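Here's the structure, in structure tokens; my notes come after.
The chain is numbered in sequence order, starting from 1. The figures that follow rest on heavy atoms only: side chains count, while hydrogens, waters and symmetry mates do not. Predicted, not measured: the structure shown is a model, and the values here were computed from it.
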Amino acid sequence: MLALSTFREIKQSLGRYIALLMIIAIGVGFFAGLKVTDPALRASMQQYFEDNEFYDFRLISSLGFGEDEIEYIKNNIDARYVEESIAFDVMMSYADSEYAMKIISLPTNINKVVLMEGTWPKYENECLVDAAAFDEIHVGDTIKVADGNEKEDRDRFKYSSFKIVGIAKSPLYIQYERGTTSIGTGVLDGFLYVKNEAFKDDIYTDCYVKLDSDPPIYSDEYDKLIESKEDAVQAVLDKAAEDRYAGIIKEAQDKLDDAREELEDKKASKGKELDDAKSELDSAKKKLNSGKKQIEEYESLESQLKDGLDQMLSGINQMEMARSVNSAMFDENQYNALMAQYQEKSAQLYTLQSGLEKARKEYNSGKKEYEDGLAEYEDGVKEFDEKIAEAEDEIADAQKEIDDIEEADTYLLKRDGNAGYVCFESDSTIVGAIGNVFPIFFFLVAALVCMTTMNRMVEDQRTQIGVLKALGYSNGAIMGKFAFYSGSAAFVGTLLGFFLGTFGFPQAIWYAYQMMYNTRGVDYYFDPVMLVICFVVAFICSVGVTLVSCRVEMTEMAASLMRPKAPKAGKRIFLEYIPFFWNRLKFLRKVSLRNIFRYKGRLIMMVMGIGGCTALLVAGFGVYDSIADIAENQYTNISLYDMDITLKKGSEVPVHVLEKNGYDTEDYILFYHSSVDLKFGKHTKNIYMNVYDDGADIDKFFDIHDVKGNHIDMESLGDDEIVLNMGICDRFDIKKGDKVTISSEDMKPVTLTVGAINQNFINNYMYMNASTYEKNIGPIPEKKNLFVVVDEGIDSHEAGAALMGDNAISIVQPTQDMLDRVENMMGSLNIIIYLVIGSAMALAAVVVYNLTNINISERVREIATVKVLGFYKEETRSYVFRENILLVIMGAAVGLVLGKFFHAFIMSQIIVDLITFDVRVTPLSYVLSFVLTVIFTLVINVLMGPKLDEISMTESLKAVE
């Protein structure tokens with residue numbers, strides 16, 4: 001009978017039953033849904049990383065890795081996989097457009113690529129392209145290495161074009177953001193995977209390590225694992241880099257020594273040739289000298305012969321004259337002898353002259369040959385000397401280059417060096433922080449309304465309880481009837497809310513996050529402990545309250561229970577003591593006010609229930625207000641620079657690398673940047689430290705102001721004072737004038753005074769003057785960091801790309817990238833806020849409906865009496881719902897106040913390491929929260945109007961007797 005009576009009760013009060021069920025379902029769904037979203041997202045991302053063997057360490061050396069170094073790393077690191085990789089940034093040409101893309105060697109074991117469309121590359125000239133930049137219609141097309149690339153970049157590949165055979169995504173890029181580059185506009189447009197054999201070079205740019213175990217991501221267990229392996233991996237990396245350096249030096253030195261030896265051989269060979277030529281020239285010169293001497297002798301003999309012939313001719317002439325004068329005195333024999341001698345000497349002279357002419361010709365010819373040979377020899381000597389000097393200079397330059405080769409810089413990057421991995425942690429942390437606070441208050445509001453509903457129901461059933469007791473039913477049986485009513489609603493509501501919430505919330509939030517992340521769908525995450533907690537809390541709020549209310553009623557006798565409670569004695573309310581206000585009210589409004597304040601229990605429950613819903617709305621809108629504009633505020637109103645640059649080596653003003661790129665000293669500021677551990681009381685936090693020169697013009701690059709907008713002048717700081725961010729100050733309760741201690745591995749602990757607290761939203765910083773650093777810490781290390789402002793109209797990415805190509809610059813970070821990244825992260829959180837607001841609105845609607853339903857149910861005879869008195873339908877509705885509207889307005893007003901404190905508490909619990917929220921609730925949010933609550937009430941009033949019409953006027957004549 002009791003079971004039948006219970007089911008009949010459920011049927012007759014189906015609206016109240018469903019309202020109770022929905023309140024529990026909404027509370028449980030919101031509570032469980034948000035609580036499991038963070039672990040669900042992380043579990044799904046964990047699975048994605050495990051499936052694709054996402055790296056634990058990324059090893060980089062400025063000199064790269066050869067086959068020997070890779071083999072050494074593989075043999076000396078205890079890991080599941082160690083895999084080499086090649087990656088370069090190159091401009092690629094496709095469909096008359098150019099794209100800056102990272103070309104990566106296709107991995108085998110680590111960072112496995114996920115094929116979305118198409119097939120895997122089979123040949124060296126085939127590739128996979130980024131699913132974020134291409135889709136299936138591009139499969140089969142050709143993408144080319146752009147002609148505008150530097151020759152060095154073009155020569156990295158065996159092929160000038162690649163055939164697209166598939167579309168892929170990579171665990172290295174779980175975000176749609178691809179990073180910066182030194183080419184193109186300074187931003188990568190995507191990635192492209194090719195086979196290792198497509199690269200000409202056998203030098204690897206990266207080496208990835210995947211450890212044997214897979215602890216949960218972002219967990220202490222994972223951090224301990226990485227910490228335990230880090231030193232060993234670093235040691236192996238350093239040794240490999242040293243071997244690589246030694247190998248490069250040895251290879252280069254061996255080549256240079258070979259070149260030097262070759263030069264010496266050529267020098268010796270050519271020197272011997274020149275020496276032989278010199279010997280031949282000397283021999284020829286000796287011959288020329290001998291010939292010249294012989295010619296001189298011949299010439300002397302010719303002269304003697306000529307003189308002798310002249311004398312003979314003179315003697316012959318005298319003898320002929322003598323014969324003509326006196327023939328008797330003429331000696332014919334002597335004359336003939338003289339003529340014969342003359343003829344003989346003439347013949348000798350002729351022969352001598354013929355030989356002399358020949359000797360002269362031979363001499364002149366030999367002399368010309370000698371002179372030509374000498375000139376050729378001298379030219380050869382000169383050319384030899386020049387070439388030898390040039391070769392020796394080249395060898396000296398090569399030796400200097402070898403001597404100038406710096407030892408390899410090594411970088412051991414962990415997962416926190418991957419932008420997507422870090423951003424996902426921040427995003428999921430915010431979800432978890434909201435899930436740790438919001439649902440509790442949400443559940444409290446739902447529990448409060450459940451308590452009101454069940455307490456009201458038990459009071460309404462006093463007569464039935466009395467009848468059942470009179471019929472002999474035990475207290476336990478009677479209490480079981482009501483416990484089943486509330487318990488069944490709690491059971492069904494908990495199951496419905498839990499499974500809908502734990503499925504729907506993660507899916508909805510991940511749907512929004514897919515604007516930023518491209519990995520895999522989120523898996524259903526079942527948390528049995530959470531289900532048990534939901535059941536326990538739901539049964540306490542429903543069955544527990546029911547049993548307590550029944551137990552109070554059970555203490556009375558059956559006869560007493562079957563008689564209705566005597567109405568409360570009428571008495572004045574406090575408004576009646578304000579004649580100026582009270583005397584101007586109409587009669588029905590006075591009745592409504594008396595009814596509101598007469599039943600204080602109902603007043604408190606109604607105000608608290610409605611106020612709680614309004615407070616939830618205020619908090620939801622407030623969370624949105626607090627996160628919506630922090631990126632814009634940071635990079636528009638605070639960080640005024642366009643690029644954050646890190647140099648490879650320290651510099652002094654002027655910074656030559658910027659000067660040669662067209663920037664003057666007004667366009668940048670050089671400062672010292674480091675990280676320190678800040679200690680205050682029991683708190684310790686690692687923050688960034690910026691040290692600026694005294695009197696530096698900081699305002700052009702960074703607006704340092706307090707939370708009220710008042711400018712902070714660095715020059716006004718004392719010699720032991722610093723400026724500290726408000727985020728870290730709020731978290732550790734640091735006030736202006738407090739003493740803090742900073743330290744690091746390279747710095748002894750130093751105590752400084754907080755001279756000012758500035759507003760900053762992204763990262764945690766402290767600022768100090770150079771004189772403060774030098775006085776309290778010591779000489780300032782080399783300054784490597786710059787803030788740079790580019791001219792208006794110039795794209796910061798293009799300017800950054802131009803600078804990144806300089807060997808003196810290590811990192812260029814355009815602020816636009818950080819702005820986009822934070823805005824995307826904050827934008828993806830809007831879905832959480834929408835879910836919070838939507839759930840609060842649904843809860844508010846159900847609460848208003850339930851409380852209105854209770855109000856009508858307990859005033860049936862009063863409403864029937866009003867009808868008997870002749871009230872029209874609209875007058876009756878106005879009479880009843882006027883109280884609802886007043887109660888809702890009062891509750892909403894209370895909720896606005898509660899919401900402000902609730903929002904402040906929520907924001908204090910949402911702690912994200914790198915972000916300080918702009919904690920505020922805008923006036924519009926207050927207005928929206930209030931208006932929505934009132935709108936719900938008006939809608940519910942319209943929906944409940946027919947229920948008033950159904951109340952029969954005969955109800956006013958009913959009485960127990």
Side-chain angles (χ1 to χ4, degrees), residues 55 57-74 76-77 82-90 102-105 111 150 152-153 155-156 172 179-183 186 188 196 199-209 230-253 255 398-419 644-651 655-657 673-674 781-786 800-813:
Y55 74 93
F57 291 107
R58 179 186 177 193
L59 284 61
I60 300 176
S61 168
S62 58
L63 296 177
F65 303 101
E67 294 287 354
D68 294 339
E69 290 76 44
I70 293 297
E71 191 65 26
Y72 173 81
I73 293 173
K74 289 182 176 180
N76 289 274
I77 292 181
V82 176
E83 187 170 11
E84 63 276 15
S85 177
I86 306 175
F88 295 108
D89 295 348
V90 181
K102 185 173 287 292
I103 315 299
I104 312 171
S105 59
N111 306 322
E150 297 290 336
E152 178 185 359
D153 292 331
D155 291 344
R156 298 186 192 277
L172 291 174
T180 57
T181 179
S182 61
I183 60 176
L188 285 172
N196 272 13
F199 293 94
K200 285 184 181 178
D201 218 342
D202 59 352
I203 301 303
Y204 301 98
T205 58
D206 306 271
C207 183
Y208 291 97
V209 176
E230 186 172 3
D231 290 341
V233 175
Q234 182 69 61
V236 173
L237 171 59
D238 291 340
K239 180 64 169 60
E242 291 172 6
D243 292 346
R244 174 69 179 156
Y245 173 74
I248 290 175
I249 294 295
K250 184 178 184 306
E251 181 181 359
Q253 192 66 55
K255 288 182 179 180
Q399 185 65 58
K400 186 175 185 304
E401 288 181 7
I402 293 175
D403 295 338
D404 289 342
I405 295 176
E406 297 182 356
E407 293 187 5
D409 293 326
T410 60
Y411 306 92
L412 180 59
L413 303 181
K414 296 169 285 188
R415 287 181 175 181
D416 56 11
N418 183 277
D644 185 355
I645 295 178
T646 302
L647 304 174
K648 289 184 178 179
K649 294 183 178 180
S651 181
V655 181
H656 299 299
V657 65
H673 173 80
S674 181
E782 56 182 6
K783 303 171 185 175
K784 297 182 179 179
N785 292 83
L786 301 120
L803 292 172
M804 284 179 69
D806 197 294
N807 292 329
I809 292 178
S810 175
I811 299 173
V812 177
Q813 179 65 61

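Atom-to-atom distance recorded for Ile104:CD1 and Asp89:CG is 9.0 Å, nearest 0.5 angstrom. Here the straight-line distance linking atom CG of Asp238 with atom OH of Tyr245 works out to 15.0 Å at 0.5 Å rounding. Glu83 contributes atom CD, which lies 10.0 Å from atom CD1 of Ile70 (distance to the nearest 0.5 angstrom). Considering CZ of Phe65 and CD of Glu71, their distance stands at 14.0 Å, rounded to 0.5 Å. Between atom CZ of residue Arg156 and atom CG of residue Asp153 there is a gap of 5.0 Å, rounded to the nearest 0.5 Å.
Taking a cutoff of 4.0 Å between a charged side-chain nitrogen and a carboxylate oxygen, Glu242 and Arg244 do not qualify as a salt bridge. At a threshold of 4.0 Å, the pair Glu84-Lys74 counts as salt-bridged, since one of the basic side-chain nitrogens sits closer than that to a carboxylate oxygen.
Between Thr205 and Ala87, the shortest heavy-atom contact is OG1-N, 3.0 Å. Between Tyr55 and Leu413, the shortest heavy-atom contact is CE1-O, 4.3 Å. Ser85 approaches Tyr204 most closely through the heavy-atom pair O-CB, 3.5 Å. A pairwise comparison of heavy atoms in Val236 and Ile73 identifies CG1-CA, 3.9 Å as the closest pair. Here the closest heavy-atom approach between residue Tyr411 and residue Leu237 is recorded as O-CD2, 3.7 Å.
Of the possible donor and acceptor atoms, one in the side chain of Ser105 sits under 3.5 Å from a partner among the backbone N and O of Ile86.
Residue Glu150 places its CD atom among 12 or fewer non-hydrogen atoms of other residues, nucleotides or ligands, all under 6.0 Å distant. More than 12 heavy atoms of other residues, nucleotides or ligands lie within 6.0 Å of NZ in Lys200, so this atom counts as buried by the packing criterion.
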Evaluate Ile77 against Leu59 for side-chain contact (heavy atoms from CB on, under 4.5 Å), listing each step before the verdict. CA-CA 12 Å; Ile77 292 181; Leu59 284 61; 4.2 Å; yes

Hey, mind stepping through Glu69 and Lys239 against salt bridge (Lys or Arg N to Asp or Glu O under 4.0 Å) and telling me if it holds? CA-CA 9 Å; Glu69 290 76 44; Lys239 180 64 169 60; over 6 Å; no

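Because its NZ or CZ atom is not both nearer than 6.0 Å to the ring centre of Phe88 and within 45° of the ring axis, Lys102 does not count as a cation-pi partner of that residue.
Between Arg58 and the options Asp206, Asn418, Asn111, a side chain to side chain donor-acceptor pair (under 3.5 Å) holds for only Asp206.
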